[in-house]
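Protein chains get the first letters and strands the later ones, always in sequence-line order, with residue 1 at the start of each. Computed from a predicted model, the values in this text were never measured in an experiment.
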There are 2 protein chains.
Amino acid sequence: MVKRVSLSQAACPVARALDVIGDWWSLLIIRDALEGVRRFGAFQAGLGIAKGMLATRLRDLVEDGILEIAPASDGSAYSEYVLTAKGRELHLVVAALRQWGEAALYAPGEDHSVLVDRTRGQKVARLALQAADGRTLQWNETRVRHVAAV
Amino acid sequence: MVKRVSLSQAACPVARALDVIGDWWSLLIIRDALEGVRRFGAFQAGLGIAKGMLATRLRDLVEDGILEIAPASDGSAYSEYVLTAKGRELHLVVAALRQWGEAALYAPGEDHSVLVDRTRGQKVARLALQAADGRTLQWNETRVRHVAAV
DNA sequence: TTTTCATGGTCTTATTTTAAGACCATCTCG
DNA sequence: CGAGATGGTCTTAAAATAAGACCATGAAAA
């Protein structure tokens, strides 16, 4: 029996991305980190995750260069987990998931949190795929160009 | 001991979305479905997934209204799995993952598949968050407005 | 300074999920 | 009809998860 399949060498960026952040908790941790959560205890309280799971997830995310450990910003001797530049770029993935969830998984009238423009408090516009020339592309107006097998 | 935690009733759309598609294989299945894969055997061959896993994943995705079973388009007695409207909307999530993977997980010069405009074959533009008035928003120019606890 | 509590983990255990393949029923086609 | 393709189910062993006991250190109160 082998370990869980690894996609870290896949030629498809989607597969490779899921290999890193495609598990249950990682994107939730990143979501919280994007909102400013930094301390172990804060992640644990916000997510309701078991401590052991959180510890391994944080370790993995640090190993993958998505989080980094920094001295606590409040001057105490504890440390904090902060997103790296690579990790911050995941905000679009989180936003896409959020918009899909809002549209597809809530009954009309059911309440949920909302991503807003920080300065004006207005809801962020829906994401859309655009061609190089700026045309908006629907799901069936794109295709994937695969690389030749090695 | 309880089952794996369920987030299906979360007030955060990100959590609820991950509850549905946040496992290892679902988004890869959806990625392939977006590229036109429809048959059980085609999914299995493309993903290298165990048959049992694929069967349960497909069943779950159908239950969640992301895929639906249709008669085979080639006239045979077999059936096919096709994306529903709800499932097709996930193309933005897949695109966001793809763009992040391309930027963050490949060494310079390393080859990967690319999402292109179907009519012109040009690479799709990078996604970006926009405010209601069209301004582009960086990761730190947004915040999440939470709902009041019930 | 001693004592107490908060913080940030590790380790153990029971349960669930996953990977792999054996097995089987139905369909297609020669 | 018979052989192989197709689309599954079932079994089994290994790995991941959930929950909490336990522990070391830092912070803070007495």
Side-chain angles (χ1 to χ4, degrees), chain A residues 1-10 15 18-29 32-33 36-64 67-82, chain B residues 1-10 15 18-29 32-33 36-64 67-82:
Chain A
M1 191 68 42
V2 302
K3 294 183 79 154
R4 175 176 211 158
V5 174
S6 166
L7 300 164
S8 63
Q9 297 308 310
L18 288 172
D19 196 65
V20 178
I21 51 155
D23 75 278
W24 248 73
W25 292 111
S26 295
L27 275 172
L28 289 173
I29 292 170
D32 282 2
V37 173
R38 296 164 155 253
R39 294 284 284 261
F40 186 96
F43 283 110
Q44 206 216 337
L47 294 170
I49 184 177
K51 296 175 83 170
M53 282 297 309
L54 179 58
T56 46
R57 284 290 162 273
L58 289 173
R59 177 165 46 242
D60 291 351
L61 289 170
V62 168
E63 273 176 19
D64 288 327
L67 294 175
E68 62 191 357
I69 296 178
S73 49
D74 63 2
S76 73
Y78 296 117
S79 49
E80 296 183 337
Y81 297 89
V82 190
Chain B
M1 191 67 44
V2 301
K3 295 184 79 153
R4 173 176 213 160
V5 174
S6 167
L7 301 165
S8 62
Q9 296 310 309
L18 288 172
D19 194 64
V20 177
I21 52 156
D23 74 279
W24 249 73
W25 291 111
S26 295
L27 275 172
L28 290 173
I29 292 171
D32 282 2
V37 174
R38 296 166 153 251
R39 295 283 284 259
F40 187 97
F43 284 110
Q44 206 217 335
L47 295 170
I49 184 179
K51 297 175 83 172
M53 282 297 308
L54 179 57
T56 42
R57 285 289 162 274
L58 290 173
R59 179 166 43 242
D60 291 351
L61 289 170
V62 168
E63 272 176 20
D64 288 327
L67 294 175
E68 61 190 356
I69 297 179
S73 49
D74 63 2
S76 73
Y78 296 116
S79 50
E80 295 183 339
Y81 297 88
V82 292

Q) How are the rings of B/Y81 and B/F43 set relative to one another: parallel (under 30°), tilted (30 to 60°) or perpendicular (over 60°)? A)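 Because their plane-to-plane angle is over 60°, the rings of B/Y81 and B/F43 count as perpendicular.
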
Given atom [atom1] of [X] and atom [atom2] of [N], what is their separation to the nearest angstrom?
| X | N | atom1 | atom2 | result |
| --- | --- | --- | --- | --- |
| B/E80 | C/dC27 | CD | P | 16 Å |
| A/W24 | D/dA18 | CH2 | P | 8 Å |
| B/Q44 | D/dT9 | CD | P | 13 Å |
| B/D74 | C/dC29 | CG | C1' | 13 Å |
| A/L54 | D/dT17 | CG | P | 13 Å |
| B/I69 | D/dG7 | CD1 | C1' | 11 Å |
| A/M53 | C/dA14 | CE | P | 19 Å |

If you round to the nearest 0.5 Å, how far is [atom2] of [Y] from [atom1] of [X]?
| X | Y | atom1 | atom2 | value |
| --- | --- | --- | --- | --- |
| A/L61 | A/L27 | CG | CG | 9.0 Å |
| B/R59 | B/I69 | CZ | CD1 | 9.5 Å |
| A/W25 | B/L7 | CH2 | CG | 5.5 Å |

Q: Going 5' to 3' through nucleotides 3-9 of chain C, assign each nucleotide B (protein heavy atom under 4.0 Å from a base atom), S (under 4.0 Å only from sugar-phosphate atoms) or - (no protein heavy atom that close).
A: ---BSBB

Q.
If you assign each of A/S76 and A/G52 to its closest nucleotide in DNA chain D, which residue comes earlier from the 5' end?
A.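 Residue closer to the 5' terminus by nearest nucleotide: A/G52.
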
Under 3.5 Å, side-chain donor or acceptor atoms of residues 48-56 of chain B against the rest of the protein: list the pairs with distances, not counting sequence neighbours.
from  : atom 1 : to    : atom 2 : distance (Å)
B/T56 : OG1    : B/G52 : O      : 3.1
B/T56 : OG1    : B/M53 : O      : 2.9

Q.
Within the 4.0 Å heavy-atom criterion, would you say B/A50 contacts the bases, only the backbone, or no part of the nucleic acid?
A.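 If one applies the 4.0 Å heavy-atom cut-off, B/A50 turns out to touch a base.
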
(Q) A/D60: which residues meet the salt bridge (Lys or Arg N to Asp or Glu O under 4.0 Å) condition with it, sequence neighbours left out? (A) A/R57

Q | Contact under 4.0 Å: A/W25 side-chain N or O vs D/dA18 OP1/OP2 | A |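 It does, given that an N or O in the side chain of A/W25 lies less than 4.0 Å from OP1 or OP2 of D/dA18.
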
